[in-house]
Structures are given as C-alpha cells and as structure tokens.
Trainee: 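Dropping the structure in here first, questions after.
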Protein chains: 2
Amino acid sequence: MLYQMVEARDDAPLDVRSRVVAAATRLFAARGFEGTTLQEVADEVGLAKPSVLHHFPSKEHIREAVLDTILSHWRDTLPRLFFAATASEGRFDAVFGELYRFFADDADLARVVAREALDRPDETRRLLRGPVAPVLAAVAGYIESGKAHQRHHADVDAEAYVVHVLQFAIAAAAVADVTCKALGTGAAVRARYDREIARIAKTSLFTAPTQDAPGDPKPARRRRS
Amino acid sequence: MLYQMVEARDDAPLDVRSRVVAAATRLFAARGFEGTTLQEVADEVGLAKPSVLHHFPSKEHIREAVLDTILSHWRDTLPRLFFAATASEGRFDAVFGELYRFFADDADLARVVAREALDRPDETRRLLRGPVAPVLAAVAGYIESGKAHQRHHADVDAEAYVVHVLQFAIAAAAVADVTCKALGTGAAVRARYDREIARIAKTSLFTAPTQDAPGDPKPARRRRS
DNA sequence: CCTACCGATCGGTAGG
DNA sequence: CCTACCGATCGGTAGG
C-alpha cells in the first residue's frame, strides 16, 4: 500500500491537518487542552472555526492527532535509541542524549506529554503498560546485564531507574526555560543544565567514569521561534 | 500581634475558606485551573456558586489562595530542611527524604505546582528567583563545600544539581501513581519507586556510599483518600 | 448563605 | 472554505 508521504522539511508547505496539529501542539503546550479554544487554533492557522471542524470532527480529535503525531515521531527515533543502547558498552551518553534531546529540542512536545500525564492518568498508564513497556523492559534488561558485569551499581533498581530517567528527561525538558532562570542569566546556563542532568543519569548508573567522551550532550538545538 | 491559629488536625472542622481551598486544590490538581469550574468547587464544598464567590472575589483569587497555602506550608518545612542539610554530614537521606516526602505525601500539591510551572512560567520564574532562590543557593553552597572535602563528585554542578533534584522530586511525586504502574502491580512497587529516586539523587552526588542507613526514605504515608 | 439572572464565550451545526 | 447561528455553560452580579 502506498501512502502520501508527508514532507518533513521545515520550510515545506504543510497541508491543513498538519498546520492544525502544529498550531494545537503549540497552544496545548502553553495553555493546556482545556485552556485552549477552537477559536484560538483556528486563528493561528488562519481559518474560520467551522473550517477547522471540517478537518477534525471535534476538539477531542485534535488532541488525539497531536498525541498520535508525537507518539509516531517518537516511534521513529525509538529503534535508533534502542540500537544504541544494546549495540555496545559505553554508549550511555549517546542513548540518554538521544532521549533527552528529543524532548529538549522541542519543549512543546515535552510539555504536551507532561500535561497529558497530569490530565489523563488512565490513558497515560495504558500507554506505559502498552506500547512503551517493551522499550522500558529492554533497557532495563541492558542495565541488569551491566550490573552482572559490575559496570553498573549493584543497588540500581533497573526497572525503576529507567522509568525515572524517562520522566526526568521529559520533566526537565518541559520546564527548562523556567528552571534555567534559577541558575542565573546568560547563554551558558542552558548548557550547564543539560550537562548536569546527563551527569546525574550517568553517575547514578555507572560504577566508574566510562571511557566515553565527557558527558555533555550537545546544547539543545531549537526547532522553532 | 495575634493571629487566629488554624488548627491543623485533620479531623477538625474547617472554616469555609479552608474548605474551598482544599476542594480547589484537589480539583486543580486533577483537572487543572482552566479545566475546573466554580460550580464544581461549589458542589464539592456543598455551597451554591455565589456563596463561594462571597468568600473569594474571583476564581483567580482561589488560585492564589491555593498556591499561597502550598507555599506557606512549604515555608514551614524549609527551615527544618535547611537545618538538616547544614547541621552535619551524611544527612542527605533525611534532607532529600524530607523534600520528597513533602510532595509524595500529598501528590495533589506536587500536581498543582507542576501545573503552575506549565501554566504560568513567568510567575514560576519569579518564585524561583525570589523566595526560593536563597534556599537553593544555601544547599548549593553545602554541596560546594562537600566537593572541597572530596565527599561529593568533583564534576557536580552544584547549582544545576539542586535545581534538578528539586524538580525531580516534584515531577516524580506528581506522576507517581501513573508511572508506578509501569513497574507492575503490587504494594512493593511504590517503595521501589521511592527508594530508586533517593538512590539516584544520592549516588549522583556522593563519591562513595555514605555511612547512612541504606537510602530508603520511608514509603510515603498518604494524607487522604 | 440563597435564587435568579447577566453577557460572553464555549464546542459544535446548518447550509451553502 | 465561509457566514450565521445553536444550546449549554462559563465566571460573575443583583438583590435580598
């Protein structure tokens, strides 16, 4: 079967559905689902409200489209992440960097996911026990084997560690622009913030400094605005 | 000056304002400020909507009362926290446990704070640079001195570490009942979850296992329902 | 502390 | 893709 491929180039003209999803993602991230009106979405896309509802039968359908888009984006990067995790030792920086950067590069995605966890705990639970579970289990297995080889701390709770690191990455990315300001002003602050979360994740797992390059994921590259 | 003391006993009858704040805290935590209506708050308190508005001139005033209550509760525990942090070495478990338990004991507080950070980044920034800043700086100073004595890892970014640990504790408490389910079912799961976040915070700071009792904050004691 | 009610805006529909 | 409009509900007020 053949699907119309959606061009991912940032400057390519997007179809109406994609423009609605992009606008809704931004607005949901900033104000939440309940705090966003269809009128605001329509205004941002440059359409009348009924025109938006021609493409999505209800506001709830827009929410689902936003979340599906994030989830499918993530599904694309998961295999790469997983491969990096299992292919060789000492690749922790790359793996964590990949995970963190996915959300840090576009804080709106992190904010939408964080809001979803707060707004709809049951759906989020389903997601964690469903499609996300195998990935968590796989990474936990990798950590367990690392424990057996004394590469990782013996008292790491592999499953709990993975869950915490995942939610740390999302939470840190979601509120980075807020909490970074507690570190003072200036451009270097965000780099310190990013470096420290990577260091925490890494040091709490490995028994000794790895042979990796020092744990600094590249500073987040911003996607828009 | 003399103030009317508000009795903290859980079973003591509360005045109307306190009951409104308690109901609003629960509702704001679950649905967010925009997702909560004055009617729902009134219903939960058992009053008519205009009666609620007799005690608080607007919905916005209820939000402020909710946040003030959380902040002042926290101000009460901060001195204790700070004293524990600076009084002696090896008290990390107690300090982090205190911080984490404050939010873990009542996840609604963590959720309200998390939502506030997402909904009103500017206000949250002001809070971080204002009243919260001295506490962060003090703890960061304690960590710096620990680095000088080789008790803490040399590459810890003290200021960034403190900010991350704070937001980790809040985020972890806010979504604990969601993400714990990714660890399986059963009563022990939450204890593992709590123990692992304490271990991560501790291991990423200290150069070697401390002389403390193993890093397990008591399992969160639930305050209500 | 209530009943009754306000204008505004919500998500969504009709019809073209 | 639009104008015009729907019933419902929003936060808040009047008046007692």
Side-chain angles (χ1 to χ4, degrees), chain A residues 4 6 12-69 108 111-112 115-116 118-120 122-123, chain B residues 4 6 12-69 108 111-112 115-116 118-120 122-123:
Chain A
Q4 182 195 344
V6 175
L14 293 173
D15 58 27
V16 176
R17 279 186 62 97
S18 302
R19 280 161 55 213
V20 169
V21 167
T25 301
R26 240 171 299 140
L27 288 163
F28 291 172
R31 316 178 204 259
F33 179 75
E34 301 282 356
T36 303
T37 69
L38 282 173
Q39 192 62 62
E40 290 171 322
V41 176
D43 288 348
E44 190 134 321
V45 179
L47 295 177
K49 195 172 61 174
S51 307
V52 171
L53 287 168
H54 170 75
H55 294 277
F56 297 88
S58 75
K59 193 189 179 189
E60 184 60 34
H61 282 79
I62 299 180
R63 168 184 231 157
E64 285 163 20
V66 166
L67 288 166
D68 282 355
T69 303
D108 284 343
R111 281 188 270 261
V112 167
R115 284 187 184 278
E116 181 75 359
L118 292 168
D119 288 345
R120 315 209 315 183
D122 292 343
E123 311 291 324
Chain B
Q4 183 196 343
V6 175
L14 293 173
D15 59 27
V16 176
R17 278 186 63 97
S18 302
R19 281 160 58 211
V20 169
V21 167
T25 302
R26 240 171 298 140
L27 287 163
F28 291 172
R31 317 176 203 258
F33 179 77
E34 301 283 357
T36 302
T37 69
L38 282 174
Q39 191 62 63
E40 291 172 322
V41 175
D43 288 348
E44 191 134 318
V45 179
L47 295 178
K49 195 173 61 175
S51 306
V52 171
L53 286 168
H54 170 74
H55 294 275
F56 297 89
S58 75
K59 192 188 179 189
E60 183 60 33
H61 282 80
I62 299 180
R63 168 185 231 159
E64 284 162 22
V66 165
L67 288 166
D68 281 354
T69 303
D108 283 342
R111 281 189 269 261
V112 167
R115 285 187 184 279
E116 181 75 359
L118 292 168
D119 288 345
R120 315 210 314 186
D122 290 343
E123 310 292 324

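Treat the numbers as computed from the prediction; the structure is a model and nothing was measured. Lettering of chains follows the sequences in order, A, B, ..., and the numbering in each one begins at 1.
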Trainee: Given D/dC2, is OP1 or OP2 found less than 4.0 Å from the side-chain N or O atoms of A/Ser51?
Mentor: yes
Trainee: Decide, yes or no, whether a salt bridge links B/Arg31 with A/Glu34 under the criterion of side-chain N to carboxylate O below 4.0 Å.
Mentor: no
Trainee: Please identify which of these residues, B/Thr37, B/Thr36, B/Asp43, B/Val112, meets the side-chain contact (heavy atoms from CB on, under 4.5 Å) condition with B/Leu27.
Mentor: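 With B/Leu27 as partner, side-chain contact (heavy atoms from CB on, under 4.5 Å) holds for just one option, B/Thr36.
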Trainee: Between the side chains of B/Arg120 and B/Glu60, is the shortest nitrogen-to-carboxylate-oxygen separation below 4.0 Å, so that they form an ion pair?
Mentor: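 B/Arg120 and B/Glu60: salt-bridged.
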Trainee: Check the distance between D/dG16's C1' and B/His54's NE2 and give it to me in whole angstrom.
Mentor: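 From B/His54 NE2 to D/dG16 C1': 13 Å.
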Trainee: Between D/dT13 atom P and B/Phe56 atom CZ, what is the distance in whole Å?
Mentor: 15 Å
Trainee: Quick one: is A/His55 getting a side-chain N or O under 4.0 Å of the D/dC1 phosphate, OP1 or OP2?
Mentor: yes
Trainee: How long is the line joining NE2 of A/His61 and P of C/dG11, in whole Å?
Mentor: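 Interatomic distance, NE2 of A/His61 to P of C/dG11: 16 Å.
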Trainee: Could you state the CD-P distance from B/Glu60 to D/dC10, rounded to the nearest angstrom?
Mentor: 18 Å
Trainee: Output yes when at least one side-chain N/O atom of A/Ser58 is less than 4.0 Å from OP1 or OP2 of C/dG11, else no.
Mentor: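 No, A/Ser58 has no side-chain N/O under 4.0 Å of OP1/OP2 on C/dG11.
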Trainee: Tell me which nucleotide among D/dT13, D/dC1, D/dT3 gets nearest to the side chain of B/Pro50.
Mentor: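 That would be D/dT13.
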Trainee: Compare the minimum distances between each of C/dC10, C/dG12, D/dT3 and the side chain of A/Thr37, then state the nucleotide with the smallest one.
Mentor: C/dC10
Trainee: Which listed nucleotide (D/dT13, D/dT3, D/dC10) is nearest to the side chain of B/Gln39?
Mentor: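 Shortest atom-to-atom distance from the side chain points to D/dC10.
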Trainee: If you check every side-chain atom of B/Leu53, which of C/dG11, D/dT13, C/dC2 has the closest atom?
Mentor: D/dT13
Trainee: Report the base-pairing partner of D/dA4 (Watson-Crick or G-U wobble, both distances below 3.5 angstrom), or none.
Mentor: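 The answer is C/dT13, by the H-bond criterion.
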Trainee: Is A/Arg115 paired with A/Asp108 through a side-chain N to carboxylate O contact shorter than 4.0 Å?
Mentor: no
Trainee: Could a donor-acceptor pair under 3.5 angstrom be found where the side chain of A/Lys59 meets the base of C/dG12?
Mentor: no
